[in-house]
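Here's the structure we're looking at; comments come further down.
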Amino acid sequence: MTKEMDLSVCTEEDESETNYRTEKPQCRPEARGRAVFQPTWENGQLVAVTNTVLQYTYPLKLLLPQNVSKTKTCQWLYVITYGGGLVAGDNIQLDIELAKDCTVVVTTQASTKVFHSVDNLVTCQTVGAHVGAGSLLVFLPDPVVCYKDAAYRQEQVFHLNQGSSLVLLDWYTSGRMARGECWEFQSYHSTNSIYLEDKLVFRDVVCLQDTPLLPVHQAMAQYHVVGMCVLIGPALSDLYNKLLKELGRSKPYGYKYTKEVVVSISPLRFEREGEEIHGTVVRVMAYTTTQVFTEMERILQDLFPRLGGNPFANKY
Amino acid sequence: MNGKLVTILQISDSAFPTGGFSHSVGLEAAIKLGIVNTTENFKQFTVQCMENAGSFSLPYVTAAYHSCMDQDRLTDLDSRCQACLNNHVANRASIRQGNSLIVTAAKIFPDEQIRRIETLLEQDRLHGHYAVMFGFLSAVLQLDLHQAHQMFVFGVLRTIIASAVRLGNVGTIEAQRIQFELQQGVDNIIRRNLRRAVEEACVTFPLVDITQNTHDTMFAKLFHS
């Protein structure tokens, strides 16, 4: 039996230690942020998306630069944290509301750094988003980078209505690669739930941490970046149909498979009171962050005109 | 008489026609991509699949086991599983195996409850996800929960080992030696996930999931998943 498979270290007595961290995490009271967007109509035409509420408390900051999007019908919201990253116990709760017929991009200026855990404190981020009918929320943060010994827990819940659309990118890396860190954090826990009205239609939960049978860095081999991108709703139908054809098709005879960047795609189909909602989920695993940036920029490029620009520009 | 042991042997036997042998749990794609190419990373791949079965599927087995008489709860669990299994290859494999498990069991075991679930499947009122159907059936057949858990994780391990042999990547004796080695981890996985609720069901090692998700893009393939 090889060393890493040695189970003698794990007996009945240390059950509590080997149990996953399922209890409520320990963190400070939440720092809340809230952003609300409304459409502005003139003579029956949508002329602008307007931000009506913008609230935040330390260590969270929300920015709404007016010159990044070339179109007034899309607003870009930047989520920023002071001090270059989140420390142990930070607890951020962000609520985003889109009324009907709005297009909003939510992104960050740089990756979300998570520093090491102290006194068993967990770093938490919670996002709750409501997307009104006819609206499109494009949620494109940079990756989460958990430093050595970090403990991170993220929960993102998206509430859609009939006719609303969502792009959700959620990705993370192995840590400070330049310092040689490679999957050395304590835990990375991420939950993404999508509700259509009140029905749970999509849920993805990843809880990455060493198990007594296998440490994360071994399981990850040469991979440093893992991500997922969900596209749902009528505003994205051309895009996801194209992607399903392009990424989902059988490789030709003699195709040389590469493992540096692996992209997979699944169709999504939900039914709610007789109406069908379609979409897709793209997953990616890669050796470098740049590879995923390139891949995502390529995958989402058809959306850029509606967004008034490329949210990935100058990021890598 | 220990009726349970013979029931366990019967259900776990490869002669029990649930179609488990048409699945590779993503191994075929992993080999094709070059991710699995040594004995060491084959073992690591298999452990990752077993850990995911523990953290993702066992909560459903447990919950369905405890509510085997409650059709509404089973339907809820099944529908939740459908929302969570958004990897279409894993989803398809789960539905296929769950359905054939119930259809087969309904023909073999004289039990009204199994037939009622079969009817729900026929009427498309259940997707019939494997973990939910497996937990339900184990309870109806009065197996212990721990035995059901062992059978479930063992089944994942056995399926991968068998597909590795059939893909020609490992010899039969070597395969059984690896299976014996990895089998030692089954109880450890079960113990860590015993109290995990379906709300906390999660993927522990995402790469094997992504690898399996690419299965349909292979030019030629031996397995269904």
Side-chain angles (χ1 to χ4, degrees), chain A residues 1-2 4-7 10 12 15 18-20 22 189-191 193-195 199-209 211-214 216 218-223 226-228 230 247-255 257-259 262-268 270 281-285, chain B residues 29-30 32-35 37 40-41 43-45 47-48 50-51 54-56 79-91 180-182 184-185 187-189 191-197 199-221:
Chain A
M1 196 178 287
T2 55
E4 61 273 15
M5 302 290 173
D6 188 2
L7 303 173
C10 183
E12 294 281 351
E15 184 183 327
T18 57
N19 249 332
Y20 287 89
T22 51
H189 192 300
S190 170
T191 305
S193 308
I194 301 173
Y195 288 84
K199 187 187 178 193
L200 177 70
V201 291
F202 177 97
R203 191 170 152 94
D204 183 85
V205 189
V206 173
C207 181
L208 204 58
Q209 67 183 104
T211 77
L213 306 188
L214 192 66
V216 171
Q218 269 190 19
M220 289 299 188
Q222 302 107 305
Y223 292 94
V226 183
M228 170 192 81
V230 183
L247 301 171
R249 98 158 62 93
S250 268
K251 303 284 188 246
Y253 176 74
Y255 180 83
Y257 293 87
T258 53
K259 60 171 178 174
V262 177
V263 181
S264 74
I265 189 163
S266 284
L268 298 174
F270 323 124
V281 51
V282 177
R283 287 170 210 277
V284 58
M285 57 201 238
Chain B
K32 193 78 92 188
L33 284 165
I35 289 165
N37 51 13
E40 204 46 46
N41 60 28
K43 280 197 272 187
Q44 281 168 10
F45 174 90
V47 171
Q48 291 179 60
M50 291 164 69
E51 287 280 4
S55 60
F56 183 84
S79 135
R80 189 178 182 88
C81 199
Q82 174 69 10
C84 294
L85 259 183
N86 42 63
N87 162 355
H88 71 289
V89 178
N91 184 296
F180 176 71
E181 179 184 327
L182 300 185
Q184 312 308 312
D187 279 348
N188 183 286
I189 291 170
R191 199 158 57 234
R192 274 182 281 123
N193 293 291
L194 200 54
R195 273 181 285 280
R196 190 188 283 277
E199 290 75 17
E200 285 285 338
C202 66
V203 167
T204 306
F205 293 112
L207 299 196
V208 289
D209 192 38
I210 300 175
T211 311
Q212 183 192 30
N213 201 186
T214 65
H215 185 86
D216 286 357
T217 64
M218 287 187 292
F219 175 75
K221 43 198 170 284

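Note that the structure is predicted; figures quoted are calculated from it, not measured. Chain letters run A, B, ... following the sequence lines, proteins first, then strands; residues in each count from 1.
- If you measure heavy-atom distances from Ala221(A) to chain B, you find no contacts under 4.5 Å at all.
- Looking only at distances, no side-chain donor or acceptor of Ser266(A) sits under 3.5 Å from a matching main-chain atom of Asn87(B).
- For the set Val263(A), Val262(A), Leu268(A), Leu247(A), the count of heavy-atom pairs under 4.5 angstrom toward chain B peaks at Val262(A).
- Distance check: Arg249(A) CZ to Phe219(B) CZ gives 14.0 Å after rounding to the nearest 0.5 Å.
- Contacts of Val230(A) with chain B are absent, with no heavy-atom separation under 4.5 Å from either backbone or side chain.
- In this structure, the portions of Val206(A) lying under 4.5 Å from any heavy atom of chain B include both its backbone and its side chain.
- In this structure, Ala83(B) and Leu200(A) approach most closely via the heavy-atom pair CB-O, 3.7 Å.
- Looking at Met228(A), neither its backbone nor its side chain comes within 4.5 Å of chain B, counting heavy atoms on both sides.
- Lys221(B) and Ser250(A) make their closest contact through NZ-OG, 4.4 Å (heavy atoms, listed as atom of the first residue, atom of the second, distance).
- Once rounded to the nearest 0.5 Å, the distance linking CG of Leu85(B) with CG of Asp204(A) reads 10.5 Å.
- For the pair Ile35(B) and Tyr223(A), the minimum side-chain heavy-atom distance is below 4.5 Å.
- Interface remark: Ala29(B) contributes no atoms to any contact with chain A (heavy atom separation under 4.5 Å).
- Note on Leu33(B), Leu207(B), Val208(B): by heavy-atom pairs under 4.5 Å with chain A, the leading option is Leu207(B).
- With a 4.5 Å cut-off on side-chain heavy atoms, Glu40(B) and Gln218(A) do not count as touching.
- Side-chain contact between Leu213(A) and Glu51(B): present, with at least one pair of heavy atoms (C-beta onward) separated by less than 4.5 Å.
- Contacts between Thr258(A) and chain B at a heavy-atom distance below 4.5 Å involve the backbone alone (N, CA, C, O).
- Separating the CZ atom in Arg283(A) from the OG1 atom in Thr214(B) is a distance of 12.0 Å, to the nearest 0.5 Å.
- Taking 4.5 Å as the limit, every side-chain heavy atom of Met50(B) sits out of range of all side-chain heavy atoms of Thr211(A).
- The side chain to side chain donor-acceptor pair (under 3.5 Å) test with Ser264(A) is passed by exactly one of Asn213(B), Thr211(B), Asp209(B): Asn213(B).
- Taking CG of Asn86(B) as the start and CZ of Arg203(A) as the end, the distance is 11.0 Å to the nearest 0.5 Å.
- Within the 4.5 angstrom heavy-atom criterion, only backbone atoms of Ile265(A) (N, CA, C, O) approach chain B.
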